[in-house]
Amino acid sequence: MTNQKLIVPVDPDLRKNIKYALVVWLIPVFILAVCYGNVRFYLTGTLYDVLSFFLVGPLIFMTIMFLLLLWGAFLIPKKGEAVAILNQDGIWLARFGFIEWKEIREFAPYSYRGTPEVIGIRVKNNKKISKQSSIAGKLDFFWAKLIGYPPIRITGIALENGEVISFAKQFLQF
């Protein structure tokens with residue numbers, strides 16, 4: 001029983017869902033761009049300045065968010081790849097590297113304002129884990145600090161959250 005290992009594969013439908021999200025995100029970008037083009041063509045003066053201010057800001061924001069979503073789509077593990085690997089020593093996560101069980105303060109289901117339930121992980125030393133994280137992992141720590149959710153989340157997996165949590169509980173030392 002010392003060589004127990006749980007490989008948590010990525011959900012095979014995750015890439016398909018991201019493609020739909022990209023298409024849906026393009027709709028408001030397109031609408032804002034068309035509105036801005038019409039304002040530029042038909043209006044001048046102060047009214048143009050006011051309307052363009054309220055159209056350009058959201059257009060730039062939505063475009064940047066679309067590009068980040070597109071970049072994130074390329075970072076999603078491919079079908080059959082592991083999101084996490086759990087064993088008796090700790091857990092390996094694609095964005096965060098290897099984390100020993102003794103470093104983990106909380107390993108539980110988490111949901112934020114009606115979002116689907118994911119596995120949330122809080123660690124005892126955020127700085128140590130952040131240093132070994134990828135750029136995406138460092139961004140996760142940044143956003144988690146601002147919003148207050150667990151910095152490490154296991155999402156988009158093919159297994160049930162309960163299966164992963166029950167496997168991890170046999171090694172956790174709170």
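Values below: all heavy atoms of this structure, side chains included; hydrogens, waters and symmetry mates excluded.
- Going from atom CG of Asp11 over to atom CG of Leu159 covers 10.0 Å, rounded to the nearest 0.5 Å.
- Under the 4.5 Å side-chain contact rule for hydrophobic residues, Leu67 and Phe61 share a cluster.
- Distance alone, capped at 3.5 Å, places no donor-acceptor pair between the Asn126 side chain and the Ile129 backbone.
- Smallest separation of non-hydrogen atoms from Ile157 and Ile119: CD1-CD1, 4.3 Å.
- Here the CZ atom belonging to Phe141 is positioned 5.5 Å from the CZ atom belonging to Phe96, to the nearest 0.5 angstrom.
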Next item on the list: Could you walk me through whether Ile104 and Ile152 pass the side chain to side chain contact (heavy atoms under 4.5 Å, CB included) test, one step at a time?
Entry: CA-CA 10 Å; Ile104 295 176; Ile152 303 171; over 6 Å; no

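- In this structure, Ala84 and Leu93 approach most closely via the heavy-atom pair CB-CD2, 3.6 Å.
- Listed here is the closest heavy atom pair of Met62 and Trp25: O-NE1, 3.1 Å.
- For the pair Ile85/Ile91, no side-chain contact is recorded, criterion being any heavy-atom separation below 4.5 Å from C-beta on.
- Within 6.0 Å of atom CD1 in Ile147, more than 12 heavy atoms from other residues, nucleotides or ligands are found, so the atom counts as buried in its surroundings.
- Rounded to the nearest 0.5 angstrom, Lys102 NZ and Phe171 CZ are separated by 16.0 Å.
- The main-chain N or O of Arg95 is found under 3.5 Å from a side-chain atom of Ser134 such that the two form a donor-acceptor pair.
- With sequence neighbours left out, Lys128 forms a side chain to side chain contact (heavy atoms under 4.5 Å, CB included) with Glu103, Asn125.
- The minimum heavy-atom distance between Phe98 and Asn87, with the atom names listed, is CE1-OD1, 4.3 Å.
- Residues Leu6 and Glu163 approach most closely at CD2-O, 4.4 Å, considering heavy atoms.
- Put simply, Phe66 and Val23 are part of two different groups of oily side chains (I, L, V, M, F, W, Y) that touch within less than 4.5 Å, one to the next.
- Atom CG of Leu86 and atom CH2 of Trp101 lie 4.0 Å apart (nearest 0.5 Å).
- Phe30 and Leu59 fall into different hydrophobic clusters, defined by Ile, Leu, Val, Met, Phe, Trp and Tyr side-chain heavy atoms under 4.5 Å apart, directly or through other members.
- With hydrophobic clusters built from ILVMFWY side chains whose heavy atoms lie under 4.5 angstrom apart, Ile7 shares a cluster with Trp92.
- Closest non-hydrogen pair, Glu117 versus Ser111, comes out as CA-CB, 4.2 Å.
- Between the NZ atom in Lys124 and the CZ atom in Arg105 there is a gap of 9.5 Å [rounded to 0.5 Å].
- Taking hydrophobic clusters as Ile, Leu, Val, Met, Phe, Trp and Tyr residues chained together by side-chain heavy-atom distances below 4.5 Å, Ile31 does not share a cluster with Leu26.
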